[in-house]
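The block underneath contains the structure these notes are about, expressed in structure tokens.
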Amino acid sequence: MALKKIAIVGSPNVGKSLLFNRLTGAYVTVSNYPGTTVEVSRGRTTIGEIEFEVIDTPGMYSLLPITEEERVARNLLIKEKPYVVIHILDAKNLERMLALTLQLIEAGLPVILVLNSVDEAEGIGMKFDIQHLEKELKVPVIATVSTTGRGIDILRGKIEGYGRAKD
Ligand SMILES: Nc1nc2c(ncn2[C@@H]2O[C@H](COP(=O)(O)OP(=O)(O)OP(=O)(O)O)[C@@H](O)[C@H]2O)c(=O)[nH]1
Ligand SMILES: [Mg+2]
């Protein structure tokens, strides 16, 4: 049986690959998305008792694709029907980057929002009301630091809870 998929999406340079590495272990494969020169990494992770395929998608700013990378990311979301879509953004640019979160939610995708680089954001005095964001967006929200692993266990728990809520 095909594994359930977790797709990691977000703008370029927000920490997608570091998060991917934190979630996956060995057995990572990198291949060109069919018909393109865009590379997509795939790995595996076990959460609860379920094994998932984790996909590190090319950077995208919008669901309306302009670049080839964005087209691949969008097609991937449509064709591979992920069980969970992790939208990871740079917490320092939360307001600007929330536009993509809203697009993903409006497209009916099963979104979990990750505010990454909260170490840097807190360093410049920003604070985040996670519960308020969860209430407004009606999706799980987690603050992370992909470079140190902060928040990753909480993210795993949310993915597990998410699956349970849907069954
Ligand atoms: N301080 C801090 N730096 C981070 C964090 N997450 C990622 N970075 C840094 O951000 C940069 C980009 O990280 P990547 O994981 O390569 O980001 P990406 O989204 O995969 O980038 P592209 O694949 O180029 O779109 C690296 O220099 C990381 O060290 C974080 O939580 N805190
Ligand atoms: Mg990357």
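All residue numbers in this chain count up from 1 along the given sequence.
- In this structure, Glu69 contributes its side chain and Gly59 its backbone to no donor-acceptor pair below 3.5 Å.
- Residues Tyr162 and Tyr83 approach most closely at CE2-O, 4.4 Å, considering heavy atoms.
- Considering only heavy atoms from C-beta on, Leu98 comes within 4.5 Å of Leu113 through its side chain.
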**Prompt:** Would Asn116 and Leu19 count as a side-chain contact (heavy atoms from CB on, under 4.5 Å) if you check the C-alpha gap in whole Å, the side-chain angles of each, and the deciding distance to 0.1 Å?
**Reply:** CA-CA 9 Å; Asn116 190 47; Leu19 176 63; over 6 Å; no
Please table the atom pairs, donor to acceptor, closer than 3.5 Å between any side-chain atom in residues 29-38 and protein atoms at least two apart or in another chain.
unit_1: Thr36; atom_1: OG1; unit_2: Tyr33; atom_2: O; d: 2.7
unit_1: Thr36; atom_1: OG1; unit_2: Val38; atom_2: N; d: 3.1

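- In this structure, Ile142 CD1 and Asp153 CG are separated by 11.5 Å, a value rounded to the nearest 0.5 Å.
- Taking all atoms of both residues into account, the shortest heavy-atom contact from Ile55 to Glu53 is CG1-OE2, 3.8 Å.
- By the criterion of side-chain heavy atoms lying less than 4.5 angstrom apart, applied directly or through intervening Ile, Leu, Val, Met, Phe, Trp or Tyr residues, Val40 is not grouped with Phe20; the two fall into different hydrophobic clusters.
- Cluster annotation: Leu76 and Tyr61 are assigned to distinct hydrophobic clusters (Ile/Leu/Val/Met/Phe/Trp/Tyr, side-chain heavy-atom contacts under 4.5 Å, transitive).
- Summarising the geometry of Pro82 relative to Leu77, their closest heavy-atom pair is CD-O, 3.6 Å, with the distance given to 0.1 Å.
- Here the shortest heavy-atom pairing between Pro58 and Ala73 reads O-CB, 3.6 Å.
- The OG1 atom of Thr57 sits 12.0 Å away from the CG atom of Asn75 when rounded to the nearest 0.5 Å.
- Here the closest non-hydrogen pair linking Leu100 and Gly10 is CD2-CA, 4.4 Å.
- Two different hydrophobic clusters hold Val145 and Leu18 under the rule that ILVMFWY side chains link at heavy-atom gaps under 4.5 Å.
- Side-chain atoms of Asp90 never come within 3.5 Å of backbone atoms of Ser117 as a donor-acceptor pair (strictly under, hydrogens ignored).
- Neither Ile47 nor Leu3 shares a network with the other; the hydrophobic side chains, linked directly or stepwise wherever heavy atoms of I, L, V, M, F, W or Y lie under 4.5 Å apart, form separate groups for each.
- Ion pair Arg150/Glu122 flagged as a salt bridge, since at least one NZ, NE, NH1 or NH2 atom sits closer than 4.0 Å to an Asp/Glu carboxylate oxygen.
- Taking 4.5 Å as the limit, every side-chain heavy atom of Asp56 sits out of range of all side-chain heavy atoms of Thr24.
- Using modelled atom types and a 3.5 Å distance limit, the side chains of Arg156 and Thr45 yield a donor-acceptor pair.
- Nearest approach of Val111 to His87, heavy atoms of both residues: CG1-CB, 4.3 Å.
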**Request:** Go through Arg22 and Thr144 one step at a time and tell me if the side-chain contact (heavy atoms from CB on, under 4.5 Å) criterion holds.
**Result:** CA-CA 11 Å; Arg22 289 261 165 212; Thr144 65; over 6 Å; no
**Request:** Take Leu137 and Leu102 through the test side-chain contact (heavy atoms from CB on, under 4.5 Å) and record every step on the way to the result.
**Result:** CA-CA 8 Å; Leu137 296 170; Leu102 296 175; 3.7 Å; yes
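- Put simply, CD on Gln103 and CE on Met60 are 7.5 Å apart, with the number rounded to the nearest 0.5 Å.
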**Request:** Give the intermediate values and the outcome of side-chain contact (heavy atoms from CB on, under 4.5 Å) for residues Ile6 and Ile159.
**Result:** CA-CA 9 Å; Ile6 298 171; Ile159 293 169; 4.2 Å; yes
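- In this structure, Leu94 CG and Thr101 OG1 are separated by 7.5 Å, a value rounded to the nearest 0.5 Å.
- Considering CD1 of Ile124 and NZ of Lys92, their distance stands at 7.0 Å, rounded to 0.5 Å.
- In this structure a side-chain-to-backbone donor-acceptor pair under 3.5 Å is present from Arg74 to Leu63.
- Distance CG/Asn21 to NZ/Lys16: 12.5 Å, rounded to 0.5 Å.
- Counting heavy atoms from C-beta outward, Met97 and Val14 have side chains that approach closer than 4.5 Å.
- A heavy-atom distance below 4.5 Å is not found between the side chains of Ile86 and Val9.
- If you chain together hydrophobic residues whose side chains sit under 4.5 Å apart, Val141 and Leu109 fall into the same group.
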